[in-house]
Amino acid sequence: MGLEDSLVDKFREANLKDESTLAPRALDPTDPTFVLDPEFRRKVKHDEFLDCLDDQIPVIDLTPLGTNDEEALGNVIAKVRSAVEEWGFFQVVNHGVPLELIDRLEKEAVAFFSLPLEEKKKVCRTFDLPTGYNNAELTKNHRDWKEVFDLIVRGSIVLPDESNTTHVHVFNQWPQNRPALREAAEAYAKSAEQLAFRILGLLSRSLGLPAEYFHKYFEYHASRLRLNYYPVCAVPDLALGVSRHKDASALTILVQDEVGGLQVRRKGGEWIAVKPRREAFVINVGAVFQVWSNDRWKSIEHQVVVNENRARLSFPLFFNPCPSVDVEPAPEILSESNPARYYPINWGLFMRKRYDGNFKQYGEDIQIEHFAVNRVSPYQHL
Ligand SMILES: O=C(O)CCC(=O)C(=O)O
Ligand SMILES: [Fe+2]
């Protein structure tokens, strides 16, 4: 038996013995794909926070957004620009989303994830319907130590089918007899959606464009709210809650509980553990802004580590354009010395391929880089 086989055994046996997790066992620790190759395992624990402020994602107070104070607003925009250029991430406080909406959703999410697996599987995601419950998600072909519940923020969207010959209607699945989960998720999603539009405006201005510049791409936006539940893991140095990845969204708004687990890759390659703050949202720009900004901004790698003591909840809202939109570098940003670095990418087809890649085991997930000019891409026809 090789070294890796013995680690797979260790992972399985320790997790089978572990009775501490709140939810009934929904992850099968005998699946060897949970055990990551050494280079992908955590380097830093979930609560190993660095004390120095320079080592934390900048915190930006959004109070000036509701005022006519142009000078204060100008400061906010400058801070956003600098944080996105430096980190790809920032945190916001005084964001306008009521805390009680978050509390309520956390309570309902815990109640849902605590249900027996057979109950949760009644709203299981399928190949054609990428909403609802999933306990077998792959991030770049690694199995994640997490359970998720996904919903479309606007209730439903229309996506191209796999072969791009027709369209499929994607709608939300809700557990029967649990109206409180739906009410809590919809109320939170509505409030976070408003925040997303305000942040979209800030990001546009940070690129030197009018506040409403990108709003036209979001009329029938395809945003998704995800409820993440990371059970206790008996051997957290072998698996991750979410393997390293870059978000494909325009921007992501994340709220997390006090446990900790999110880690962001810095330019030097090191991983920084993000210290949870109850009053703050973590925001990052995704691949769509990378394209719009013609690589001035990058979608930055991040991951989630798990731990042996406490389960964790987090709720990312992936703010996505309409499926019909072709995402391409904003012409106002381009010049002779800054030519377009990407071909136009149809967002609906891109999402379809991403969903399919999460569901099936592909060699490589589709990435925005596949559309870079000068790259020979299997997806250039999209
Ligand atoms: O749980 C988190 O803190 C982040 C999750 C995440 O990055 C994702 O779902 O894309
Ligand atoms: Fe992410």
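We count ligands from 1, going down the list as the structure has it; atoms in each ligand are counted the same way. We use all heavy atoms of the structure for the numbers below, so side chains are in, but hydrogens, waters and symmetry mates are not.
- The aromatic rings of Phe112 and Tyr133 lie perpendicular to each other, with more than 60° between the two planes, well past the 30° mark.
- Side-chain atoms of Asn94 never come within 3.5 Å of backbone atoms of Thr63 as a donor-acceptor pair (strictly under, hydrogens ignored).
- Within the 4.5 Å cutoff, no side-chain heavy atoms of Leu238 are placed close to those of Phe34.
- Between Tyr188 and Phe281, the angle of the ring planes lies from 30° to 60°, which puts this pair in the tilted group.
- Electrostatic pairing of Lys120 and Glu147 counts as a salt bridge here, judged by a charged N lying under 4.0 Å from a carboxylate O.
- Listing protein N, O or S atoms at distances below 2.8 Å from the Fe ion (ligand 2), with waters left out, gives His245 NE2, Asp247 OD1, His302 NE2.
- A salt bridge links Glu369 with Lys246: at least one charged nitrogen is closer than 4.0 Å to a carboxylate oxygen.
- For the pair Gln290/Asp295, a side-chain contact is recorded, criterion being any heavy-atom separation below 4.5 Å from C-beta on.
- Under the 6.0 Å distance and 45° angle rule, Lys216 counts as a cation-pi partner of Tyr213.
- In this structure, Arg266 is positioned above the aromatic face of Trp87, its NZ or CZ under 6.0 Å from the six-membered ring centre and within 45° of the axis.
- Contact shell of ligand 1 (protein heavy atoms, cutoff 4.0 Å): Asn228, Tyr230, His245, Asp247, Leu254, Leu262, His302, Val304, Arg312, Ser314, Pro316, Phe318.
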